[in-house]
Protein chains: 2
Amino acid sequence: MKPITLKQIAETLGISITTVSKALKDYPDVSKKTKALVKDLAQTLNYKPNSFAVNLRTKESKTIGLIVPEIVHHFFSSVIKGIISQAEKKGYLVITLQSNESYDLERKQIELLLNKRVDGILISLANQTADYNHLNAVMSNNTPLVMFDKIAKLVKCSKVLINDREAAYKATQHLIDTGCKKIAHFRGPLLPQNSIDRFLGYKKALIDNGITYDSSLVYILKDMSYEEGRFYAKKLVDEHEGVDGIFINTDLVAIGAITEFNSLKIKVPEDISVIGFSNWFMSSVISPSLTTINQPGFEIGKKAFKLLYKEINSKKNDKIINFKEVILDTQLVLRESTKS
Amino acid sequence: MKPITLKQIAETLGISITTVSKALKDYPDVSKKTKALVKDLAQTLNYKPNSFAVNLRTKESKTIGLIVPEIVHHFFSSVIKGIISQAEKKGYLVITLQSNESYDLERKQIELLLNKRVDGILISLANQTADYNHLNAVMSNNTPLVMFDKIAKLVKCSKVLINDREAAYKATQHLIDTGCKKIAHFRGPLLPQNSIDRFLGYKKALIDNGITYDSSLVYILKDMSYEEGRFYAKKLVDEHEGVDGIFINTDLVAIGAITEFNSLKIKVPEDISVIGFSNWFMSSVISPSLTTINQPGFEIGKKAFKLLYKEINSKKNDKIINFKEVILDTQLVLRESTKS
DNA sequence: GTTGTTTTCGAAAACGTTTTCGGTAAGAAT
DNA sequence: ATTCTTACCGAAAACGTTTTCGAAAACAAC
């Protein structure tokens, strides 16, 4: 009934626990004969080392923590999948938590993970997060930390990113190239870096093309929902005339906007071109389908784990770890919501 | 640098480790004075018990395992969110794995989790799974197991379900009530129970309403993708005339079908009514919006964890555990893809 | 002053593993 | 026969906690 232990194997074989342990781990100072004996018995008894004991002894759990702002979200679930798949390959398991975009929760969960003594932590920050003590606590706790997507520039650790500014520039440039003159922008909350960068890319593209930047054409959204997309689309056409293009921070909001334009009989892209961000799966399905920027969630997840894995190993071997900042490529995905 | 231990507190206070441990856990046989002393020092030193040691000693990890067929999926990510949120309330962390709809992976991952000695396992089966030895292994390992959504009827354990047959009946009945006479069905693979049940509900509704069941109107899909939805929608109209209603196993496929109908200039719902299953978020966004069955993923997740939690506690107190089968309600969500 | 009771404490075992270090035996070399 | 290797094995400490059980101290009762 009770799980098999080294002790039991040792006793039935009439040898010491030490030798059993070493035999199973192929230590050179165990004879081939006893190794075979031990391994055979372990096999037939279906012996599995007690991970609790191994953890205690080796001080590592082969487990990492992951915090995302929201699980039910195409981009983040893709990232999660990327992380879990890569972690599994290296023998690591992943404990997932979600911050619900709340700073307080994020802090608590970091603490939870540290108390669990995970071998490393991956995190994408909550929008609310402006204070980085909890992140620095991770670092000073000597636990490897890698941030992705929503990062804090000021925290010294490895990061996996896309070039939001460049991508936004690319998107806006496309609108301009296809003839748009008066281009609005629906941006995310003020804090998160990628919301800022996308805005800056938008602004720079305008200026580089000799279009004067008009701050009243930039709307700051809060929860980035479908409903908000509809709401601000209506607000935009109420407050402005002749807007012929719009770059929207995220696909979901863009889909909301398109839906609203449809119901207002404003034609996309004839009257107004719309470009989103993320390449959410649904953006190819709606009508008109959404031109967008592809943000490779799965690859971001994989890369983030790979970085973390390296740092965990460097730490084990007492090597110094130098933080990396990996920038992944984005692609402009042309569809029907912009002119060609 | 190194984490604080009971030993250090004991030494600086000149008392025994035993007393420190007891003081922190409010044992009655420690004086108020020493309790205060210990707690104060623990506080200032920011002592956190070493979870590895606690695990080893108490033989529990306050961690559960979760296996889903696919993470990037609206329904499953909702379930995951429900599980994680509920688990956190009870002080449990969740290790998530995905089987990728593969039986072999599922087996390996069960083994991984058992070797990790999680306190319990939640699982939704892969479509391929037809053999239940790995699940029975969990039970005979005395690890609490709760299945949800895609379950195996033959495995004796607690389950969280919806009444798929009834829901499918409800959906089909709605098509009939709104005037459909020749109703097709896109079903999932042969094995999973809910795919079977939805088919049976569809069939029964037909028969109860005096419509003769025609097996050529039932299409068996494999990966339940958007593309498959489009493909079979085309196939359906190629092979049959006068089909005026279709009940589709899942929203994503239904959206594919609607898209195909749109592009074939077949009007939904005038020419053909479409009803999906799951109430995926996007189903309200496409045009025409999709009538569907609401499947409460978040609640399923919450309930599944609650059941597991009970079983874990029953096991701790050596109580007998009697397996429960919880059936959650579904709702017909009326939208534009069916007539009114 | 003895007995009995209550309060407070700590030694020690246990959980199951890993790893260091020393020791024995067998064989090789002289 | 003695020394030196080499091959093999095991005792024991360590990881940090929890819990049992006995003992000491303090106090009350007679």
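The sequence lines fix the lettering, A, B, ..., with proteins before strands; numbering per chain opens at 1.
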Practice task
For the side chain of B/Ser16, starting at C-beta, report the closest nucleotide among C/dG16, D/dC15, C/dG10.
Solution key: C/dG10

Problem - Given C/dC9, D/dT19, C/dC15, the nucleotide with the shortest approach to the side chain of B/Thr34 - result: C/dC9

Handout entry: Side chain of B/Val30 (C-beta onward), nearest among C/dT17, C/dC9, C/dT19
Key = C/dC9

Problem - Side-chain donor-acceptor contact under 3.5 Å, B/Thr34 with B/Ser31 - result: yes

Fill in the blank from the handout: From CD of B/Glu11 across to P of D/dG16 the rounded distance in Å is 12 Å

Exercise for the section: Ignoring hydrogens and angles, answer whether the base of C/dG10 and the side-chain atoms of B/Lys22 contain a donor-acceptor pair closer than 3.5 Å. Expected result: yes

Practice task
Rounded to the nearest angstrom, tell me the gap between atom CZ in B/Phe52 and atom C1' in D/dT17.
Solution key: 13 Å

Exercise for the section: Could you tell me whether B/Ser21 contacts a base, only the sugar-phosphate backbone, or nothing, with contacts defined as non-hydrogen atoms closer than 4.0 Å? Expected result: base

Exercise for the section: Give A/Tyr27 one of three labels, base, sugar-phosphate or nothing, depending on what nucleic acid heavy atoms sit under 4.0 Å from its own. Expected result: sugar-phosphate

Exercise for the section: Test for a donor-acceptor pair under 3.5 Å between the base of D/dA12 and the side chain of A/Thr18, counting only N and O atoms. Expected result: yes

Exercise for the section: Take atom CD1 of B/Ile9 and atom P of C/dG10, then tell me their distance rounded to the nearest Å. Expected result: 14 Å

Practice task
Confirm from the modelled atom types if A/Ser31 and D/dA7 form a donor-acceptor pair under 3.5 Å, side chain to base only.
Solution key: no

Exercise for the section: Kindly indicate whether the side chain of A/Asp29 and the base of D/dC9 share any N or O donor-acceptor pair separated by less than 3.5 Å? Expected result: yes

Practice task
Determine whether the side chains of B/Gln128 and B/Glu106 contain a donor N or O and an acceptor N or O closer than 3.5 Å.
Solution key: no

Exercise for the section: Would you tell me if any nitrogen or oxygen in the side chain of B/Lys2 comes within less than 4.0 Å of OP1 or OP2 on D/dC15? Expected result: no

Practice task
Find the distance B/Lys48:NZ to D/dG16:P and express it as a whole number of Å.
Solution key: 17 Å

Practice task
May I have the step-by-step check of side chain to side chain donor-acceptor pair (under 3.5 Å) for B/Thr63 and A/Lys116, ending in yes or no?
Solution key: CA-CA 10 Å; B/Thr63 303; A/Lys116 259 278 159 179; 2.8 Å; yes

Practice task
Send over the distance from A/Lys33 NZ to C/dA25 C1', rounded to a whole Å.
Solution key: 14 Å

Exercise for the section: Could you say whether A/Pro3 or A/Thr19 is positioned toward the 5' end of DNA chain C, judged by the nucleotide with the nearest heavy atom to each? Expected result: A/Pro3

Handout entry: Spacing between A/Ile17 atom CD1 and C/dT20 atom C1', to the nearest angstrom
Key = 16 Å

Exercise for the section: Can you figure out which of C/dT17, D/dG10, D/dT17 approaches the side chain of B/Thr5 most closely? Expected result: D/dT17

Handout entry: Length of the CG-C1' vector between A/Leu37 and D/dC8, whole Å
Key = 14 Å

Practice task
Using the ring-ring contact (aromatic ring centres under 6.0 Å, His included) rule, collect all pairs that involve residues 118-148 of chain B, keeping only residues at least two apart or in two chains.
Solution key: B/Tyr103-B/His134

Practice task
Could you tell me the separation between the CG atom of B/Asn50 and the P atom of D/dT17, rounded to a whole number of Å?
Solution key: 6 Å

Exercise for the section: For B/Glu311 and B/Ser158, test the side chains for any donor-to-acceptor distance below 3.5 angstrom and give the result as yes or no. Expected result: yes

